[in-house]
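Please read the structure below before turning to the comments.
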Amino acid sequence: MGCSDNPRFAAAPIESTLLDFLLGNIQMRFFLVGLLAFSIASCGLIQREVGYPGGNLGYVADRQALFAKAHEQRVNRFILTLALTAPFVTETVRSSSDAKLTSAAIAELYRTIDQLQKAQPHCALSSDGNKVTLASNCTEANLRSNQQTALDFESLAFVVNKSLYDMLKQGFDNLDLRANVRRILTLEPTELLKVILRARHLVPVLIEYLATYRDVTIIFGQSVVKSCLEQAPKEGSAMHRACGKVDRAFVDLLDRSRDVSGDVAAQERPIRAIYHASHEAINLGLDWALSKELRIALLHKVNRACRKLELLAQVDDQSFKGCAIEWGASAQKNGTQAREIAGQINRIATPIAQNQ
């Protein structure tokens with residue numbers, strides 16, 4: 001149904017006395033014209049905000065970044081995004097104050113993802129293909145004891161999106177650049193490249209980001225390989241062929257040889273091929289998941305970025321402790337704030353299936 005077909009957007013009869021009143025009010029006339037123009041121009045956006053999981057940003061992420069159909073997959077997508085963007089934002093820091101602000105932004109993103117992760121298993125919806133059921137833990141007592149549940153997922157995901165936006169904006173503020181942060185959220189390197197090339201002195205920032213992108217792509221590809229093995233698609237099916245392409249992409253990466261043709265070698269993108277093959281399998285319906293060890297591998301990247309921020313901030317403030325933690329350290333060694341962040345990281349690193 002288009003906006004013109006939707007009764008909420010269709011013109012309605014108006015009593016002549018009311019019409020006379022509105023037409024006599026110049027400010028109201030401008031308001032109505034502006035509202036009508038916005039409704040026509042942004043109808044699709046409004047409808048996606050109203051009816052699509054994650055709103056318009058979820059719609060864009062599903063189509064331009066990585067499709068996520070279930071709550072846990074959406075959490076996984078946030079973890080991937082965090083692992084990609086935190087090192088990039090860290091490379092934009094130019095002063096101790098920048099380091100503190102950026103560290104605070106990453107810590108806030110940890111906190112919001114942790115909230116989403118904790119809410120996920122409570123009052124979750126599930127389907128057997130025919131009917132939908134509410135989790136048995138959705139009792140009055142449970143609702144009273146848990147401030148957020150899966151029934152709050154959309155609101156909590158909005159808070160995560162806002163934190164992610166704020167962290168990226170901090171990065172561009174560090175560089176004194178203007179950029180469309182929402183386009184960067186598609187995770188597409190070319191979008192970042194367009195921004196960086198406007199300021200050539202930032203090329204090292206781009207190179208650091210692309211190195212992280214390659215690492216995260218391999219981790220993501222391995223999550224797809226594991227998901228394919230666990231789900232064992234029927235031999236000869238489209239899914240079986242798609243999973244085979246992911247395996248083939250890894251084989252091509254590990255067993256590649258030096259091509260004597262410079263033209264052919266210039267076209268080789270073995271890591272990029274892993275991403276495309278993995279993306280294809282997910283688009284065909286692979287129930288993609290991130291295991292705990294792969295989540296930890298991603299969060300290690302964030303922690304290294306936090307450690308770098310801490311060192312930069314300590315140039316002017318030796319007592320500063322930001323979003324970094326000591327992996328494997330005792331709770332006492334981590335300190336008060338780090339203990340809190342370590343608890344968040346541990347929860348984020350553990351898939352819900354392993355918590356149950």
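Just so we're clear, the structure is a prediction, and the values are computed from it rather than from any experiment.
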For this session: Of all the heavy-atom pairs spanning Gly285 and Met239, show the shortest one and how long it is.
Result: C-CE, 3.5 Å
Problem set entry | Among Asn303, Ile345, Ile106, Val302, the one residue meeting side-chain contact (heavy atoms from CB on, under 4.5 Å) with Cys323 | Ile106
For this session: Decide side-chain contact (heavy atoms from CB on, under 4.5 Å) for Asp287 and Gln73; before the verdict, give the C-alpha distance in whole Å, the side-chain angles of both, and the deciding distance to 0.1 Å.
Result: CA-CA 9 Å; Asp287 194 10; Gln73 288 180 357; 3.0 Å; yes
Exercise. Would Val251 end up clustered with Leu229 when hydrophobic side chains under 4.5 Å apart are linked, directly or stepwise?
Worked result: no
Exercise. Are Leu101 and Asp173 side-chain neighbours, meaning at least one heavy-atom pair lies under 4.5 Å?
Worked result: no
For this session: Enter the distance from Thr85:OG1 to Tyr209:OH here, rounded to the nearest 0.5 Å.
Result: 8.0 Å
For this session: May I ask you to test the Lys308-Glu91 pair for a side-chain heavy-atom distance under 4.5 Å?
Result: yes
For this session: Kindly determine whether Arg347 and Tyr110 satisfy side-chain hydrogen bond (donor to acceptor under 3.5 Å, both in side chains), including the steps that lead there.
Result: CA-CA 10 Å; Arg347 287 187 292 271; Tyr110 268 144; over 6 Å; no
For this session: Please examine the side chains of Val75 and Phe153, heavy atoms only from C-beta on, and report whether any two atoms are closer than 4.5 Å.
Result: yes
For this session: Write down the atom of Val160, the atom of Thr112, and the distance for their closest heavy-atom approach.
Result: CG2-O, 3.4 Å
Problem set entry | Same apolar cluster (I L V M F W Y, side chains within < 4.5 Å links), Leu309/Leu311 | no
For this session: Establish whether Leu210 and Tyr275 are linked, either directly or via other cluster members, by ILVMFWY side-chain heavy-atom contacts under 4.5 Å.
Result: yes
Exercise. Shared ILVMFWY cluster between Leu151 and Leu116, side chains joined below 4.5 angstrom?
Worked result: no
Exercise. When you look at NZ of Lys245, are more than 12 heavy atoms from neighbouring residues, nucleotides or ligands closer to it than 6.0 Å?
Worked result: no
Problem set entry | Reference residue Ser237; test side-chain contact (heavy atoms from CB on, under 4.5 Å); the match among Lys234, Glu235, Arg241 | Lys234
For this session: Sequence neighbours left out, what pairs pass side-chain hydrogen bond (donor to acceptor under 3.5 Å, both in side chains) with at least one residue falling in residues 100-109?
Result: Lys100-Asp317, Thr102-Asn174, Glu108-Arg111
For this session: Say whether, by atom type as modelled, one donor and one acceptor occur between the side chain of Gln120 and the main chain of Glu72 under 3.5 angstrom.
Result: yes
Exercise. Less than 4.5 Å apart, any side-chain heavy atom of Asp252 and any of Ile274?
Worked result: no
For this session: Start with the C-alpha gap between Thr133 and Leu125, add the side-chain angles, then the distance that decides, and say whether side-chain contact (heavy atoms from CB on, under 4.5 Å) holds.
Result: CA-CA 6 Å; Thr133 56; Leu125 296 171; over 6 Å; no
Problem set entry | Donor-acceptor under 3.5 Å (His279 side chain, Ala65 main chain) | yes
Exercise. So which heavy atom on Arg256 is nearest to which on Leu253, and how close?
Worked result: NH1-O, 2.7 Å
Seminar exercise, completed: Separation between CG (Leu156) and CD1 (Ile113), nearest 0.5 Å, reads 12.0 Å
For this session: Please report the closest heavy-atom contact between Gly221 and Val246, naming both atoms and the distance.
Result: O-CG1, 4.1 Å
For this session: Treating Ile, Leu, Val, Met, Phe, Trp and Tyr as nodes and any side-chain heavy-atom pair under 4.5 angstrom as an edge, say whether Leu284 and Phe67 lie in one connected cluster.
Result: yes
Exercise. If every non-hydrogen atom of Ala324 is compared with every non-hydrogen atom of Glu310, which pair is closest and at what distance?
Worked result: CB-OE1, 3.9 Å
Problem set entry | Nearest-0.5 Å distance that lies between atom CG in Leu134 and atom SG in Cys123 | 5.5 Å
For this session: Decide yes or no for Val89 and Leu168: does some side-chain heavy atom of the first lie under 4.5 Å from some side-chain heavy atom of the second?
Result: yes
For this session: Using a cut-off of 6.0 Å, state whether more than 12 heavy atoms not belonging to Phe158 lie near its atom CZ.
Result: no
For this session: Please lay out, stage by stage, how Ile219 and Glu293 fare under the test side-chain contact (heavy atoms from CB on, under 4.5 Å).
Result: CA-CA 10 Å; Ile219 294 170; Glu293 61 270 22; over 6 Å; no
Problem set entry | Lys/Arg N to Asp/Glu carboxylate O, Glu208 vs Arg304, below 4.0 Å | no
For this session: Kindly compute the distance separating CG (Leu143) from CD (Gln148), expressed to the nearest 0.5 Å.
Result: 12.0 Å
Exercise. Any side-chain heavy atom of Lys226 sitting closer than 4.5 Å to one from Leu294?
Worked result: yes
Exercise. Is the centre of the Phe220 ring less than 6.0 Å from the centre of the Trp288 ring?
Worked result: yes
For this session: Evaluate side-chain contact (heavy atoms from CB on, under 4.5 Å) for Ile79 paired with Ile348, printing each intermediate quantity in order.
Result: CA-CA 8 Å; Ile79 295 171; Ile348 293 170; 3.6 Å; yes
Check: residues 51-62 side-chain donor-acceptor pairs under 3.5 Å, at least two apart:
from: Tyr52; atom 1: OH; to: Asp62; atom 2: OD2; distance (Å): 2.6
from: Tyr52; atom 1: OH; to: Arg63; atom 2: NH1; distance (Å): 2.9
from: Asn56; atom 1: OD1; to: Arg48; atom 2: NE; distance (Å): 2.6
from: Asn56; atom 1: OD1; to: Arg48; atom 2: NH2; distance (Å): 3.1
from: Asp62; atom 1: OD1; to: Ala68; atom 2: N; distance (Å): 3.1
from: Asp62; atom 1: OD1; to: Arg77; atom 2: NH1; distance (Å): 2.7

For this session: Please round to the nearest 0.5 Å and tell me the distance separating atom CG of Leu299 and atom CG of Leu82.
Result: 6.5 Å
Exercise. Just wondering, do Lys321 and Gln314 contact through their side chains at under 4.5 Å, heavy atoms?
Worked result: yes
For this session: Please answer whether the main-chain N or O of Ile325 pairs with a side-chain N or O of Arg307 as donor and acceptor at a distance below 3.5 Å.
Result: yes
Exercise. Side-chain contact, heavy-atom cut-off 4.5 Å: Gln170 with Met167?
Worked result: no
Exercise. Can you tell me how far the CD1 atom of Ile296 sits from the OG atom of Ser291, to the nearest 0.5 Å?
Worked result: 9.0 Å
For this session: Taking all heavy atoms of Ala249 and all of Ala277, pick out the closest pair and write down the distance.
Result: CB-CB, 4.5 Å
Exercise. So, the side chain of Asn137 versus the backbone of Pro121: is there a donor-acceptor pair under 3.5 Å, distance only?
Worked result: yes
Problem set entry | Evaluation steps, salt bridge (charged side-chain N to carboxylate O under 4.0 Å, His left out), between Glu326 and Arg339 | CA-CA 9 Å; Glu326 294 288 343; Arg339 280 201 302 272; over 6 Å; no
